[in-house]
Student: 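Here it is, the structure, as structure tokens.
The figures that follow rest on heavy atoms only: side chains count, while hydrogens, waters and symmetry mates do not. Because the structure is a prediction, the values reported are computed rather than measured.
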Amino acid sequence: MAGGTDDGVNGSRDKSPDEAALSARLGSLDQRLSEIRDSRKIRTDQPEGSGNGAARTSAMARGFRLSSELIAGVVVGAVIGWGIDRLLSTSPWGLIVFFLLGFAAGVVNVMRSAGVAPDRTGR
């Protein structure tokens, strides 16, 4: 400990037969791991038809998010239109107008979420 490093029980820097065998096993393990990594890389480069579960889950989550954006816009527009119809007694017109406005807002939200339209909320 006073010398700085402890290279073994007797402090010698020569490799014992056990250390040489361990080094050989470590080299063999490294070679096998690199072969396995290469084979996995080749499998992941294949087309997405046999894609892994994480990519499919991410795509499904994005699909649910986009569909909920559209549905939320339509529902909110319909509820606002129904409320205006009840308050002002303009029976189907408020519902129709705000239903269409809600649909348009939902489509715009889907386009923003998908990255097709620029997000202008920062201005």
Student: At what distance, to the nearest 0.5 angstrom, does CD of Glu19 lie from OG of Ser16?
Tutor: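 Glu19 atom CD to Ser16 atom OG measures 4.0 Å (nearest 0.5 Å).
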Student: Do the side chains of Phe64 and Met111 join up, straight or via other hydrophobic residues, at under 4.5 Å, putting them in one cluster?
Tutor: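 They do not share one cluster, since no chain of ILVMFWY contacts under 4.5 Å joins Phe64 to Met111.
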Student: Linking directly or through intermediates, with side-chain heavy atoms under 4.5 Å: list the remaining ILVMFWY members grouped with Leu33, chain and number order.
Tutor: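 Reading the cluster by chain and number, Leu33 sits alongside Leu29.
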Student: Compare every heavy atom of Ser113 with every heavy atom of Arg65, then report the nearest pair and how far apart it is.
Tutor: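 Between these two residues, the closest heavy atoms are NH2-OG, 3.9 Å.
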Student: Which other residues belong to the hydrophobic cluster containing Val108, where Ile, Leu, Val, Met, Phe, Trp and Tyr are joined when side-chain heavy atoms lie under 4.5 Å apart, directly or via other members?
Tutor: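 ILVMFWY cluster around Val108 holds nothing else.
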Student: Just to verify, what does Ser68 make a side chain to side chain contact (heavy atoms under 4.5 Å, CB included) with, not counting sequence neighbours?
Tutor: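 Counting only residues at least two positions away or on another chain, Ser68 forms no side chain to side chain contact (heavy atoms under 4.5 Å, CB included).
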Student: Hey, is the main chain of Ala24 close enough, under 3.5 Å, to the side chain of Ser28 for a donor-acceptor pair?
Tutor: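 Flag not set: sc Ser28 to bb Ala24 has no pair under 3.5 Å.
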Student: Report, one line per pair, each donor and acceptor closer than 3.5 Å where one atom sits in a side chain of residues 72-88; sequence neighbours left out.
Tutor:
{"unit_1": "Asp85", "atom_1": "OD1", "unit_2": "Thr90", "atom_2": "OG1", "d": "2.8"}
{"unit_1": "Asp85", "atom_1": "OD1", "unit_2": "Gly94", "atom_2": "N", "d": "2.9"}
{"unit_1": "Asp85", "atom_1": "OD2", "unit_2": "Leu95", "atom_2": "N", "d": "2.9"}

Student: Please name all residues satisfying side chain to side chain donor-acceptor pair (under 3.5 Å) with Asn109, sequence neighbours left out, ordered by chain then number.
Tutor: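 Result, side chain to side chain donor-acceptor pair (under 3.5 Å) vs Asn109: none returned.
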Student: Transitively linked via ILVMFWY side-chain contacts under 4.5 Å: Leu26 with Leu22?
Tutor: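 In one cluster: no.
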